[in-house]
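Just passing along the structure, written as structure tokens.
Keep in mind that what you see is a predicted model, and the values were worked out from it rather than measured. Indexing begins at 1, ligand by ligand and atom by atom, following the structure's order.
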Amino acid sequence: MFQRLKTKFAKAPEDASQEVLDADNIPQHIAIIMDGNGRWAKNRGLPRIAGHHSGMKTVKRITMEADRLGVKFLTLYAFSTENWKRPKAEVEFLMKLPQEFLSIELSELIEKNVQVRMMGHKEDLPPHTLAAVEEAIRQTAGNTGLVLNFALNYGSRKEMMEAVRRIGQDVREGKLSPDDLNESHFEQYLLSSDMPDPDLLIRTSGELRLSNFMLWQLAYSELWFTNVYWPEFSEAHFNEAIREYQRRARRYGGL
Ligand code: FPP
């Protein structure tokens, strides 16, 4: 009885009809493409930025749920290298969200032992965005709980191109021989070098694509899609995704 209690999680509050999760098979790393903020807002006659603002609240809820379930890494696609093409006002709003989120939530994240990280191309970020994120990274660097990794100004192709460029440089400078290069070596040049690959990728809003997100790292991840828009994505949906993950057999190309 004790063993059963130990290895099964309590049901998420809104999820009482569903089977409980296996605590011994929680994905170590979950990556999420948080999509559908704009459509959620439009359906309510609200401006798109209201959708992003509401999406920020989902970030908080899902972070807390990931922490509760013992997920080790949660990577959230907050802004892509392609999102700069959006109207200036929307980009400016999105660039203020990390600051707003961290000013409200940082103390609780610290309390929960969460470590904040950022994965992306820092050079183009507005100074106020970068400063807020770097301050959170600094203040949580020693934390040993959930790693909350914001993919901010992130693009997988750019990440890989930069890795190749740096490898070329290291070869030219004699620090690396092309013969020694292997997959794990290549991974050290990626922005995710200090993290395991995602076990589970979630994308909300019904779109069935990867949108230049962690193309290398998702090679063997389990993919889970839902029609639910990100602002409405709940703890119960998150549990549902993990439950589906737990039903799958991961074979990595083997039998
Ligand atoms: C895609 O939905 C979403 C984004 C480009 C932004 C995601 C950002 C958040 C959820 C908030 C981030 C919060 C923090 C703390 C950094 P979309 O706007 O493309 O939706 P649509 O496809 O319905 O138009």
Side-chain angles (χ1 to χ4, degrees), residues 30-67 73-110 112 114-122 124-126 128-137 139-140 146-156 158 201-214 225-235 237-238:
I30 301 182
I32 308 185
I33 303 179
M34 311 181 285
D35 197 8
N37 295 344
R39 278 164 285 166
W40 178 88
K42 191 171 173 225
N43 286 348
R44 282 163 182 71
L46 298 169
R48 292 178 55 78
I49 57 170
H52 296 314
H53 201 259
S54 186
M56 184 183 81
K57 295 183 182 155
T58 308
V59 168
K60 163 74 185 299
R61 285 191 284 103
I62 298 304
T63 301
M64 291 305 152
E65 184 64 359
D67 178 55
F73 298 86
L74 179 67
T75 295
L76 302 177
Y77 204 9
F79 194 90
S80 77
T81 45
E82 288 71 36
N83 287 150
W84 297 106
K85 295 180 207 156
R86 295 185 176 211
K88 189 161 169 270
E90 184 173 340
V91 169
E92 280 175 6
F93 188 83
L94 284 168
M95 284 297 149
K96 282 188 193 139
L97 282 184
Q99 226 168 322
E100 180 176 346
F101 175 80
L102 292 165
S103 73
I104 301 167
E105 308 298 351
L106 185 58
S107 54
E108 194 175 340
L109 293 175
I110 291 172
K112 296 254 174 186
V114 172
Q115 187 189 112
V116 176
R117 292 194 198 170
M118 180 198 143
M119 179 178 78
H121 312 281
K122 292 184 180 172
D124 308 314
L125 290 174
H128 64 86
T129 310
L130 189 57
V133 175
E134 286 192 327
E135 179 58 19
I137 292 171
Q139 286 197 39
T140 62
L146 171 73
V147 171
L148 174 59
N149 181 36
F150 287 107
L152 201 54
N153 193 26
Y154 174 84
S156 191
K158 186 172 163 90
L201 170 84
I202 296 172
R203 181 171 189 151
T204 58
S205 94
E207 306 295 348
L208 304 179
R209 54 178 172 261
L210 294 180
S211 301
N212 202 16
F213 187 51
M214 302 188 87
F225 299 95
T226 174
N227 288 332
V228 173
Y229 294 143
W230 178 249
E232 282 176 339
F233 188 76
S234 66
E235 290 90 333
H237 297 123
F238 190 61

Query raised in the report: Considering only protein heavy atoms, which is closest to atom 5 (C) of ligand 1, and at what distance to one decimal place?
Result: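 I find the closest protein heavy atom is Asn83 OD1, 3.6 Å.
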Query - Closest protein heavy atom to atom 9 (C) of ligand 1, given as residue, atom name and distance to 0.1 Å - result: Asn37 ND2, 3.7 Å
For residues 41-52, please give each side-chain donor-acceptor pair under 3.5 Å, one per line with the distance, not counting sequence neighbours.
| unit_1 | atom_1 | unit_2 | atom_2 | d |
| --- | --- | --- | --- | --- |
| Arg44 | NH1 | Trp40 | O | 3.1 |
| Arg44 | NH2 | Glu232 | OE2 | 2.8 |
| Arg48 | NE | Glu90 | OE1 | 2.8 |
| Arg48 | NE | Glu90 | OE2 | 3.4 |
| Arg48 | NH2 | Glu90 | OE2 | 3.2 |
| His52 | ND1 | Asn37 | ND2 | 3.0 |
| His52 | NE2 | Glu90 | OE2 | 2.8 |

Query raised in the report: Does Gly36 come within less than 4.0 angstrom of ligand 1, counting non-hydrogen atoms of the residue?
Result: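 A heavy atom of Gly36 does come that close to ligand 1.
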Query - For Ala78, the ligand 1 atoms whose distance to one of its heavy atoms is below 4.0 Å - result: 6 (C), 7 (C), 8 (C), 16 (C)
**Report entry** Close approach, His53 and ligand 1, non-hydrogen under 4.0 angstrom
**Finding:** no
Query - atom 14 (C) of ligand 1: the protein heavy-atom neighbour that sits closest, reported with distance to 0.1 Å - result: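 Scanning the protein heavy atoms, the shortest distance from atom 14 (C) of ligand 1 goes to Phe150 CE2, 4.2 Å.
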Query raised in the report: Which residue from Thr63, Leu97, Val91, Leu94 reaches closest to atom 11 (C) of ligand 1 through any of its heavy atoms?
Result: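 Answer by nearest heavy atom: Leu97.
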Query raised in the report: By number and element, which atoms of ligand 1 are closer than 4.0 Å to a non-hydrogen atom of Phe101?
Result: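 Matching atoms, with element in brackets: 15 (C).
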Query raised in the report: Considering residues at least two apart in sequence or located in another chain, which fulfil the salt bridge (Lys or Arg N to Asp or Glu O under 4.0 Å) criterion with Lys57?
Result: none
Query raised in the report: How far is atom 24 (O) of ligand 1 from its nearest protein heavy atom, and which residue and atom is that?
Result: Arg48 NH1, 2.9 Å
Report task. Give the atoms of ligand 1, by number and element, whose distance to some non-hydrogen atom of Trp230 is under 4.0 Å. Result -> 10 (C)
**Report entry** Option with minimal heavy-atom separation from atom 22 (O) of ligand 1, where the choices are Glu207, Glu90, Arg39
**Finding:** Arg39
